[in-house]
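Structure first, then comments.
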Amino acid sequence: MKQTQKTDDIKIQEKLKKKGNIPRHIAIIMDGNGRWARQMGLPRVAGHSEGVKSVRDVVEACAQLGVENLTLFAFSTENWRRPEDEVSTLMKLLIKTLKRETDELHKNNIRLQAIGDIISLPTEVQKYLSDAIEKTKNNSRMNLILALSYSGRWDIINATKIIANKVREGLLKPDEINDKIFSQHLSTANLPEPDLLIRTSGEMRISNFLIWEIAYSELYITNTLWPDFRRKDLYKAIEDYQRRERRFGLVSEQIKKSNIVGKNAYIKFSKIK
Ligand code: IPE
Ligand code: IPE
Ligand code: MG
């Protein structure tokens with residue numbers, strides 16, 4: 001980045017921070033790599049590679065802004081059904097990226113985590129992934145969560161099985177199951193719910209991403225394809241988010257009176273009578 005661009009970048013970041021309600025958790029459905037490649041007359045894999053550059057830029061900008069958690073949908077349960085060569089290329093790209101970027105993440109005090117059916121990934125991916133997770137586990141600036149072989153329904157079924165077993169063993173009573181208990185059995189148990197969900201490439205759907213957790217997330221869908229999505233697009237999404245009023249089922253007056261924005265807003269508002 002040129003010096004003038006850097007100064008402009010810092011200015012935009014300062015402006016967003018000043019507003020006070022930077023999303024605590026941003027989740028992104030990174031879509032449109034294939035279409036980007038087709039537009040450029042390139043094979044689909046070129047779109048995935050270019051998409052890694054967007055990941056790098058967005059991760060860096062989120063960390064600078066003070067976003068605490070960034071969850072990226074990188075590979076869905078359903079994506080296994082794509083042609084074999086695309087799946088294997090994606091896995092190779094994942095290995096290459098983990099090899100190349102782990103040190104940089106660590107230097108920037110970013111903690112890597114993963115959600116999804118990790119044991120279904122090739123062993124080599126699992127190895128680099130667990131090494132990166134282990135290496136960065138004490139970092140505290142931002143959590144970067146990769147959703148890999150992940151789907152919301154997979155996670156809900158998984159949680160249900162764990163809960164059912166606890167009930168069978170007498171550790172939990174059916175009547176004790178509530179939102180909170182259920183959430184604690186999902187792979188996102190330790191994360192706040194996403195404040196902002198971004199989807200690139202203009203598709204108006206969720207595609208099985210975090211279906212439980214996004215109950216009250218603000219949605220931002222842009223036509224920009226993921227390989228074209230860079231920090232300036234992220235700033236636009238956050239700006240849009242900051243202008244919204246999150247009501248959590250209440251009326252505007254209750255929200256204004258309570259003066260609570262951002263942190264744990266959902267939990268606090270759900271207690272307001
Ligand atoms: C998103 O881009 C990346 C993954 C799902 C792995 P796509 O590969 O879905 O790109 P489009 O939707 O075909 O353009
Ligand atoms: C969602 O994109 C999954 C990821 C971004 C990893 P898809 O391209 O798989 O979603 P659909 O098929 O358009 O719904
Ligand atoms: Mg797609």
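Counting convention: from 1, in listed order, for ligands and their atoms alike.
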What I want to check is whether the side chains of Ser217 and Glu193 have a donor and an acceptor closer together than 3.5 Å.
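Note: Ser217 and Glu193 side chains miss the donor-acceptor criterion.
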Looking only at side chains, do His25 and Glu213 share a donor and an acceptor under 3.5 Å apart?
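The answer is no; no qualifying pair exists.
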Looking at ligand 1, does [X] have a heavy atom less than 4.0 Å from it?
{"X": "Ser201", "value": "no"}
{"X": "Ala74", "value": "yes"}
{"X": "Arg38", "value": "no"}

Going by an N to O cut-off under 4.0 Å, is there a salt bridge joining [X] and [Y]?
{"X": "Arg111", "Y": "Glu134", "answer": "no"}
{"X": "Lys19", "Y": "Glu239", "answer": "no"}
{"X": "Glu218", "Y": "Arg243", "answer": "no"}
{"X": "Lys53", "Y": "Glu50", "answer": "yes"}
{"X": "Glu104", "Y": "Arg56", "answer": "no"}

Is it true that Arg81 lies under 4.0 Å from ligand 2, counting heavy atoms only?
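No, Arg81 has no heavy atom closer than 4.0 Å to ligand 2.
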Looking at Thr136, Thr71, Asn69, Asn190, which hits side chain to side chain donor-acceptor pair (under 3.5 Å) with Asn143?
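Going through the options one by one, the only one that passes is Asn69.
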Under 3.5 Å, side chain of [X] to main-chain N/O of [Y], donor-acceptor pair present?
{"X": "Gln242", "Y": "Leu16", "result": "yes"}
{"X": "Asp195", "Y": "Pro23", "result": "no"}
{"X": "Trp226", "Y": "Gly32", "result": "no"}

Take the angle between the ring planes of Phe209 and Phe73 and call it parallel below 30°, perpendicular above 60°, tilted in between.
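If you compare the ring of Phe209 with that of Phe73, the planes turn out parallel.
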Does the protein put a heavy atom under 4.0 Å from atom 12 (O) of ligand 2?
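Within 4.0 Å: no protein heavy atom nearby.
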Heavy-atom distance to atom 5 (C) of ligand 1: which of Glu203, Arg82, Glu78, Met30 wins?
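Shortest heavy-atom distance from atom 5 (C) of ligand 1: Arg82.
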Check Phe209 against ligand 2 and report side chain, backbone, both or neither, counting heavy atoms closer than 4.0 Å.
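Neither part.
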Just to confirm my output: which protein heavy-atom neighbour is closest to [atom], and how far is it?
{"atom": "atom 7 (P) of ligand 1", "value": "Asp31 OD1, 3.6 Å"}
{"atom": "atom 10 (O) of ligand 1", "value": "Gly34 N, 2.9 Å"}
{"atom": "atom 9 (O) of ligand 2", "value": "Asn79 ND2, 3.0 Å"}
{"atom": "atom 2 (O) of ligand 1", "value": "Asn33 N, 3.2 Å"}

The Mg ion (ligand 3) to Asp31: any N/O/S contact under 2.8 Å?
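Here the distance criterion (N, O or S atom, under 2.8 Å) is met by Asp31, so yes.
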Distance filter under 4.0 Å to Arg205 heavy atoms, resulting ligand 2 atoms:
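Contacts of ligand 2 toward Arg205, numbered from 1: 11 (P), 13 (O), 14 (O).
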Which of the atoms of ligand 2 are close to Phe75, meaning less than 4.0 Å from one of its heavy atoms?
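So the answer, numbered in order with elements, is 6 (C).
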Contact (N/O only, under 3.5 Å) between Ser207 and ligand 2:
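N/O-N/O distance under 3.5 Å: yes.
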Are any of the N/O atoms on Trp36, whether in the backbone or the side chain, positioned under 3.5 angstrom from an N/O atom of ligand 1?
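Between Trp36 and ligand 1 (N or O atoms, distance only) the closest approach is not under 3.5 Å.
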If the cut-off is 4.0 Å to any non-hydrogen atom of Arg44, which atoms of ligand 1 fall inside it?
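Reading through ligand 1 atom by atom, the close ones are 7 (P), 8 (O), 10 (O), 13 (O).
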Find all atoms of ligand 1 within a distance of less than 4.0 Å from any non-hydrogen atom belonging to His48, and give their numbers and elements.
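Those atoms are 3 (C), 8 (O).
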Per-residue contact class, Gln39 against ligand 1 - non-hydrogen pairs under 4.0 Å:
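Near ligand 1, Gln39 shows nothing, with every heavy atom at 4.0 Å or more.
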Examine the proximity of ligand 1 to Leu225 and report which part, side chain or backbone, both or neither, has a heavy atom under 4.0 Å away.
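Near ligand 1, Leu225 shows nothing, with every heavy atom at 4.0 Å or more.
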